[in-house]
Colleague: 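Would you mind keeping the following structure in view while I ask a few things?
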2 protein chains.
Amino acid sequence: MTEKQQNILNAALKLFATEGVTSTSTSKIAKSAGVSEGLIFRHFTNKEGLLQAILENGREKSDEYFNSVMKVKDPKERLLMALHLPFVIPSDEYDFWRLIYTLKWQRGPMEHEGMDLFRNSLRQAFEELNYANPTAEAQLIEAIIDGVTTEVLLKDIYPKPLLDCILEKYKLK
Amino acid sequence: MTEKQQNILNAALKLFATEGVTSTSTSKIAKSAGVSEGLIFRHFTNKEGLLQAILENGREKSDEYFNSVMKVKDPKERLLMALHLPFVIPSDEYDFWRLIYTLKWQRGPMEHEGMDLFRNSLRQAFEELNYANPTAEAQLIEAIIDGVTTEVLLKDIYPKPLLDCILEKYKLK
DNA sequence: TACTTTTGTAAGTGATTACTCACTATAATG
DNA sequence: CATTATAGTGAGTAATCACTTACAAAAGTA
């Protein structure tokens with residue numbers, strides 16, 4: 001991976017996240033990355049290929065988050081870990097997650113293998129805790145993580161009081 | 001409002017919601033609405049004007065939802081009403097709400113007057129119920145409505161078990 | 001009926017789009 | 001050193017973009 005190749009990826013991620021994929025032209029990316037427009041196509045075939053490269057690049061990060069939750073054995077601890085997720089995203093990853101959340105509405109939610117394992121591990125935690133409807137509970141906690149992450153990415157909030165409210169609902173405090 | 005004018009609004013809403021605003025060309029809208037492309041500009045000045053017309057058109061709907069919650073006096077009943085919101089959206093409004101949720105990431109969340117009143121009425125309900133941090137609680141319930149609405153709009157879920165889980169967390173059952 | 005306003009169209013406009021091509025500079029390899 | 005593969009450029013391409021303009025049909029109004 002050359003330096004210019006990295007510049008392209010960085011510039012494209014920032015532009016895709018802030019202005020949207022279709023509103024970002026390849027010429028704008030090239031200008032922002034300080035390379036010729038042709039180089040984008042040499043390295044990434046086309047605009048879609050560039051987007052996919054960004055997505056693959058970030059998938060490793062997201063898998064780490066999911067794994068850090070799944071490896072926790074104690075069910076209560078695992079839920080605690082899951083509910084912390086929105087608050088442990090480092091701000092230099094915000095652009096990537098904004099991109100993910102934007103793409104959801106045009107291309108559907110990301111549904112790779114790791115995501116399924118994550119969902120199952122949550123459901124299993126609720127089963128072990130004898131919740132009445134573990135599947136629905138897993139769906140809800142996913143929705144909460146989703147909604148809270150949206151708040152974190154779009155507004156600037158005070159994490160602590162919000163997290164306290166969440167944990168109280170699940171009696172994890 | 002002519003029939004063709006309505007056709008344009010309907011076609012544009014559907015295309016904007018499913019493919020995104022910037023990926024939808026005015027010629028595509030015209031073709032889908034069965035009118036000449038020029039008519040779009042006669043009636044709505046430009047593409048942005050068309051989007052604004054759609055948004056104003058839908059604001060009445062959203063205000064009705066918020067008002068139906070705010071007019072409830074009893075705080076528990078009001079929270080109950082608010083948490084029902086994601087499940088009372090009729091499916092013929094899905095396109096509009098998908099559009100709203102998409103735009104959030106490019107143009108920021110919609111922040112009109114009615115939204116502020118809604119937020120305050122939720123905070124006040126938590127105050128009356130003597131919650132420790134009403135502001136954070138209002139933020140959380142907003143995030144939950146947001147996340148659950150996302151699930152409703154993007155996946156097909158069973159509303160009842162999910163709603164049950166939510167109400168149990170707030171001891172509203 | 002005569003006149004004005006509104007609604008609608010078809011054929012344009014220049015600018016921008018994603019992408020290609022011919023070519024050069026650099027680096028790796030035998 | 002000679003050869004070959006890779007990295008990089010800049011000037012193209014046709015297609016599409018949002019939008020305009022000139023003009024006709026329709027509808028309202030006196």
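Since this is a predicted model, take the numbers as computed values, not measurements. The chains referred to below are lettered A, B, ... by the order of the sequence lines, with proteins before strands, and numbering in each begins at 1.
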Colleague: Starting from C1' on dT20(D), measure out to NZ on K47(B) and report it in whole angstrom.
Modeller: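 Spelled out: NZ on K47(B) to C1' on dT20(D) is 17 Å.
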
Colleague: Using a strict cut-off of less than 4.0 Å between a Lys/Arg side-chain nitrogen and an Asp/Glu carboxylate oxygen, indicate whether K155(B) and E142(A) qualify as a salt bridge.
Modeller: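 Yes, charged N to carboxylate O under 4.0 Å.
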
Colleague: Find every protein N or O atom lying less than 3.5 Å from an N or O atom of nucleotides 3-9 of chain C, and list the pairs.
Modeller:
unit_1	atom_1	unit_2	atom_2	d
dT7(C)	O4	R42(B)	NH1	3.3
dG8(C)	OP2	H43(B)	NE2	3.1
dG8(C)	N7	R42(B)	NH1	3.0
dG8(C)	O6	R42(B)	NH1	2.5
dT9(C)	OP1	K4(B)	NZ	3.2
dT9(C)	OP2	S36(B)	N	3.0
dT9(C)	OP2	S36(B)	OG	2.9

Colleague: Counting only heavy atoms not in K61(A) (residues, nucleotides, ligands), do more than 12 fall under 6.0 Å from its NZ?
Modeller: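 Enclosed: over 12 neighbouring heavy atoms sit under 6.0 Å from NZ of K61(A).
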
Colleague: Could you state the atom-to-atom distance from CD1 of I8(A) to P of dA7(D) in whole Å?
Modeller: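 Rounded to the whole Å, the gap is 11 Å.
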
Colleague: Between P on dT20(D) and CD1 on I40(B), what's the gap in Å once rounded to a whole number?
Modeller: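 To the nearest whole Å, that distance equals 13 Å.
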
Colleague: Can you confirm whether the side chains of Q52(B) and E48(B) place a donor and an acceptor under 3.5 Å from each other?
Modeller: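 Side-chain D/A pair, Q52(B) to E48(B): present.
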
Colleague: Would you kindly give the CD-to-P distance between E19(B) and dC17(D), to the nearest whole Å?
Modeller: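 To the nearest whole Å, that distance equals 11 Å.
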
Colleague: Within the 4.0 Å heavy-atom criterion, would you say T24(B) contacts the bases, only the backbone, or no part of the nucleic acid?
Modeller: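 Sugar-phosphate contact only.
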
Colleague: Measure from CG on N46(A) to P on dA18(C) and round the result to the nearest Å.
Modeller: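 Going from N46(A) (CG) to dA18(C) (P), I get 11 Å.
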
Colleague: Quick test of your reading of the model: are D146(A) and K104(A) salt-bridged, counting only N-O distances below 4.0 Å?
Modeller: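 Answer for the salt bridge query: yes.
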
Colleague: According to a strict under-4.0 Å criterion, is S27(A) in side-chain N/O contact with OP1 or OP2 of dT17(C)?
Modeller: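 For S27(A), the contact criterion (side-chain N or O under 4.0 Å from OP1 or OP2 of dT17(C)) is met.
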
Colleague: Would you kindly give the CD1-to-P distance between I29(A) and dG8(D), to the nearest whole Å?
Modeller: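 It works out to 17 Å between those atoms.
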
Colleague: Once you apply a heavy-atom cut-off of 4.0 Å, does S25(A) come out as touching a base, just sugar-phosphate, or nothing?
Modeller: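 Contact class for S25(A): sugar-phosphate only.
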
Colleague: So, Y131(A) and E168(B): side-chain donor and acceptor under 3.5 Å apart, yes or no?
Modeller: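 Note: Y131(A) and E168(B) side chains miss the donor-acceptor criterion.
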
Colleague: Find the distance F41(B):CZ to dA11(C):C1' and express it as a whole number of Å.
Modeller: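 After rounding, the gap between these two atoms is 15 Å.
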
Colleague: So for atom OH, which belongs to Y94(B), do other residues, nucleotides or ligands contribute more than 12 heavy atoms lying within a distance under 6.0 Å?
Modeller: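 More than 12 heavy atoms, drawn from other residues, nucleotides or ligands, come within 6.0 Å of this atom.
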
